[in-house]
Colleague: 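Sharing a structure below in structure tokens format, with a few things to ask.
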There are 2 protein chains.
Amino acid sequence: MTGTADEPDKGAEVSGNEDRMVLGLMATRIGFRLRMLQTLLGARVVNGFAPYKLRPGAFTTMALIAANPGCSQVDLAREGGLDKSALVAIVDELEQRGLAIRGRSAKDRRRNSLFLTPDGEKLMKEMYRVAHDTERTIREGFSPEEITQFFGLLERAYQIVAREDLPAS
Amino acid sequence: MTGTADEPDKGAEVSGNEDRMVLGLMATRIGFRLRMLQTLLGARVVNGFAPYKLRPGAFTTMALIAANPGCSQVDLAREGGLDKSALVAIVDELEQRGLAIRGRSAKDRRRNSLFLTPDGEKLMKEMYRVAHDTERTIREGFSPEEITQFFGLLERAYQIVAREDLPAS
DNA sequence: TATTGTTATACTCTATAACTATA
DNA sequence: TATAGTTATAGAGTATAACAATA
């Protein structure tokens, strides 16, 4: 849009530090460290899941349905960090592929009660192994105590933030 | 596309567990815990940065330029987890707002040497406080030792994964 | 031949709002 | 009036490939 590259001070030749990068202030940002690690791991998972031709979120959705048979789509949206509208397409896909079933709740007929089919259970477990394998070397590089610490800190941090975001504080 | 909602077994009324959700297999997935926490923190940061009318990545870019004056755009892309093409728009914006300068490297004239202006330094520090504040209660909920552990584990996990993704293993 | 910066493009993901049916 | 599910749409972010300049 505004390609003015002929000012005297803009194209000036300068010399600065062209060595290895340091993180500076970003080193103390939890969100930044989280994102950097997740970007790398997420790319691996996308790669590993590619053969299954399922959209992102399908595996998480299947795993949560398996752990909570009969749950509703809003339950899944909340727990999986997605919007409820995004879940429609995911559940559509799972149903069309014969991996999940949309039943109707007997108690509240607005809600869908979601279940995995045997095929869905099987595929979910297979994808879990794929996903878990992308983190294998991290687990191998950590001691069992460190793994426990890591999950504990992640869980506590999440609870702190989630609790604050709920009420009208 | 295929809205067949009249099979007898699809709309069947069923009853399942409609209580609180559990994570099941997802509880042991590092990537899932990372994403859940980051989704929450990211929303806070987006919210806090809204008044500045800068695109996501602009703050990270400024902070990394400040820590590495004279760095190039590919340096920033690699360190910030972005594509180099995404950085063009960000640096364009920073330059147009008078927050950063694109100099030309004297050693390698393909490279831009990036610097923050005094205004850029000032704004970057202000935004750092905003971002840091979104994580305040996590830090307050952790002991100093736990904070150190948390960053240490995050850093080690990142190094493990990053090291594997580089060579042709 | 490889790399930096750039542009254009296509694609995906997400966010929003509106609508329905139920409560 | 509020909630669950659905749909449509617009917007933002990302990835890809191609190109020019330089190494």
Side-chain angles (χ1 to χ4, degrees), chain A residues 1-5 10-11 13 18 35 38-40 42-43 45-47 49-50 53-58 60-61 70-95 100-114, chain B residues 1-5 10-11 13 16 18 35 38-40 42-43 45-47 49-50 53-61 70-95 100-114:
Chain A
M1 302 294 179
T2 57
T4 56
K10 271 197 177 174
E13 290 197 1
E18 298 183 2
R35 176 161 56 82
Q38 203 212 321
T39 298
L40 259 46
V45 172
V46 167
N47 211 324
F49 283 178
K53 303 279 186 200
L54 286 167
R55 71 189 68 208
T60 301
T61 300
C71 66
S72 74
Q73 291 176 203
V74 285
D75 289 340
L76 289 172
R78 180 173 24 80
E79 206 71 16
L82 299 160
D83 192 85
K84 61 176 181 170
S85 67
L87 256 145
V88 177
I90 294 173
V91 178
D92 279 351
E93 188 178 48
L94 294 179
E95 207 174 24
I101 296 170
R102 259 191 261 243
R104 193 155 299 159
S105 168
K107 300 176 189 161
D108 183 343
R109 285 195 314 224
R110 292 174 302 183
R111 308 178 119 231
N112 291 337
S113 279
L114 304 173
Chain B
M1 300 297 175
T2 58
T4 57
K10 270 198 176 172
E13 289 197 0
E18 298 182 2
R35 177 161 55 83
Q38 203 212 323
T39 299
L40 259 45
V45 173
V46 166
N47 209 323
F49 284 177
K53 303 277 185 201
L54 286 168
R55 72 189 68 207
F59 164 65
T60 301
T61 301
C71 66
S72 74
Q73 293 176 201
V74 285
D75 290 340
L76 289 173
R78 180 173 25 80
E79 206 71 17
L82 299 160
D83 192 84
K84 63 177 181 171
S85 66
L87 255 145
V88 177
I90 294 173
V91 179
D92 280 350
E93 188 178 48
L94 294 178
E95 207 174 24
I101 296 170
R102 259 191 261 241
R104 193 155 299 160
S105 167
K107 300 176 191 164
D108 182 345
R109 285 195 313 223
R110 290 173 304 182
R111 309 178 117 229
N112 291 337
S113 279
L114 304 174

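Note that these values count all heavy atoms, side chains included, but never hydrogens, waters or copies made by symmetry. Chain letters run A, B, ... following the sequence lines, proteins first and then strands; every chain starts at 1.
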Colleague: Assign each of A:V74 and B:G81 to its nearest nucleotide of DNA chain D by heavy atoms, then name whichever residue's nucleotide is nearer the 5' end.
Modeller: A:V74
Colleague: What is the distance, to the nearest angstrom, from the CZ atom on B:R78 to the P atom on C:dT3?
Modeller: 12 Å
Colleague: Rounded to whole Å, how long is the line connecting atom CZ of B:F59 with atom C1' of D:dG13?
Modeller: 19 Å
Colleague: Has A:R55 got a side-chain N or O lying under 4.0 Å from the OP1 or OP2 atom of C:dT14?
Modeller: no
Colleague: When all nucleic acid strands are considered with a 4.0 Å heavy-atom cut-off, which category describes B:D83: base, sugar-phosphate, or nothing?
Modeller: base
Colleague: Starting at atom CG of A:L87, determine the distance to atom P of D:dT7, rounded to an integer number of angstrom.
Modeller: 13 Å
Colleague: Figure out the NZ/C1' separation between B:K107 and D:dA23, and round it to whole Å.
Modeller: 15 Å
Colleague: Expressed as a whole number of angstroms, how long is the span from A:R104:CZ to C:dA23:P?
Modeller: 11 Å
Colleague: What's the CG-P distance between B:L54 and D:dG13, to the nearest Å?
Modeller: 12 Å
Colleague: Using only heavy-atom distances, determine whether the side chains of B:S72 and B:D75 contain a donor-acceptor pair under 3.5 Å.
Modeller: yes
Colleague: Once hydrogens and angles are ignored, does a donor-acceptor distance under 3.5 Å link the base of D:dT16 to the side chain of B:S85?
Modeller: yes
Colleague: So, is A:R102 near the phosphate of D:dT6, with a side-chain N or O under 4.0 Å from OP1 or OP2?
Modeller: yes
Colleague: Report the residue from A:T61, A:N112, A:T60 that forms a side-chain contact (heavy atoms from CB on, under 4.5 Å) with A:L76.
Modeller: A:T61
Colleague: OP1 or OP2 of C:dT6 versus the side-chain N and O atoms of B:Q73: is any pair under 4.0 Å?
Modeller: yes
Colleague: Answer yes or no: is there a side-chain heavy-atom contact under 4.5 Å between B:K84 and B:Q73?
Modeller: no
Colleague: Report the distance from atom CD1 of B:I90 to atom P of D:dA12, rounded to the nearest whole Å.
Modeller: 14 Å
Colleague: What's the verdict on side chain to side chain contact (heavy atoms under 4.5 Å, CB included) for A:I90 and A:L82, showing C-alpha distance, side-chain angles and the deciding distance?
Modeller: CA-CA 11 Å; A:I90 294 173; A:L82 299 160; 4.1 Å; yes
Colleague: Could you check whether A:V88 gets within reach of a base, just the sugar-phosphate, or nothing at all, counting any heavy atom under 4.0 Å?
Modeller: base
Colleague: Between the side-chain atoms of B:R110 and the base atoms of C:dT3, is any donor-acceptor pair under 3.5 Å?
Modeller: yes
Colleague: In whole angstroms, how far is the C1' atom of D:dA20 from the NZ atom of B:K84?
Modeller: 12 Å
